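Step one of this worksheet: look at the structure below.
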Amino acid sequence: MDTIPTTPIETLSYEQAFAELDSIIRALEEGQAPLDHTLALMERGQALVKRCADLLEQAELKVKTLGSDE
C-alpha cells in the first residue's frame with residue numbers, strides 16, 4: 001500500500017472498512033514501508049477497527065430490536 005486512502009472512515013460500509021483494513025494488515029506484514037508511513041497505516045487501521053466494531057454493534061442492536069418485536 002503506497003498511499004494511505006483519504007476516504008473519510010465514517011462514510012465506509014462495514015465491507016469497505018474491512019477490505020481496507022485487510023489491505024493495511026498485508027502492507028504492515030510486508031514491513032517495507034518507511035516508519036512514518038507505517039505509523040500512518042497503523043493509525044488508519046485502528047480507526048478502521050473502531051468503525052467495523054461500531055457497525056457490528058449497530059447491526060447487533062438492530063437484530064435484537066427486530067427480535068423483540070415478535
Side-chain angles (χ1 to χ4, degrees):
M1 178 172 280
D2 294 333
T3 60
I4 298 169
T6 57
T7 305
I9 290 174
E10 63 275 0
T11 65
L12 297 176
S13 69
Y14 177 83
E15 292 78 8
Q16 292 168 322
F18 192 84
E20 186 179 327
L21 181 59
D22 185 53
S23 177
I24 286 174
I25 290 169
R26 280 188 266 117
L28 290 172
E29 285 176 341
E30 289 176 9
Q32 302 296 321
L35 180 59
D36 60 337
H37 188 74
T38 298
L39 291 173
L41 286 174
M42 290 177 69
E43 288 175 359
R44 177 99 176 160
Q46 287 179 328
L48 289 165
V49 166
K50 182 175 180 344
R51 174 71 176 160
C52 288
D54 290 347
L55 290 171
L56 283 175
E57 184 177 329
Q58 289 173 17
E60 185 178 284
L61 288 173
K62 190 170 188 175
V63 168
K64 285 181 181 178
T65 302
L66 291 172
S68 67
D69 288 345
E70 293 178 8

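Source: prediction; values computed, not measured. Atom set for the values below is all heavy atoms of this structure, side chains included, hydrogens, waters and symmetry mates excluded.
- For Arg51 (side chain) and Ala17 (main-chain N/O), no donor-acceptor pair under 3.5 Å exists by modelled atom type.
- Minimum interatomic distance between Leu12 and Leu55 (heavy atoms only, all atoms of both residues): O-CD1, 3.8 Å.
- A side-chain contact (heavy atoms from CB on, under 4.5 Å) with Arg44 is found for one member of Thr6, Ile24, Leu21 and no other, namely Ile24.
- To the nearest 0.5 Å, the span separating CD1 on Ile4 from OG1 on Thr38 amounts to 9.0 Å.
- To the nearest 0.5 Å, atom CG of residue Leu66 and atom NZ of residue Lys64 are 12.5 Å apart.
- For the pair Arg26/Met1, no side-chain contact is recorded, criterion being any heavy-atom separation below 4.5 Å from C-beta on.
- Following chains of ILVMFWY side-chain contacts shorter than 4.5 Å, one cannot reach Leu39 starting from Leu48, and the two form parts of different hydrophobic clusters.
- Within 6.0 Å of CD in Glu57 there are 12 or fewer heavy atoms belonging to other residues, nucleotides or ligands.
- Between the side chains of Ser13 and Gln16, a donor-acceptor pair is found at a separation under 3.5 Å.
- Between the side chain of Glu60 and the backbone N or O of Gln58 there is no donor-acceptor pair closer than 3.5 Å.
- To the nearest 0.5 Å, the span separating CD1 on Ile25 from CD on Glu30 amounts to 12.5 Å.
- Within a 6.0 Å radius of CZ in Phe18, other residues, nucleotides and ligands contribute 12 heavy atoms or fewer.
- Residues Tyr14 and Leu56 approach most closely at CE1-CG, 3.6 Å, considering heavy atoms.
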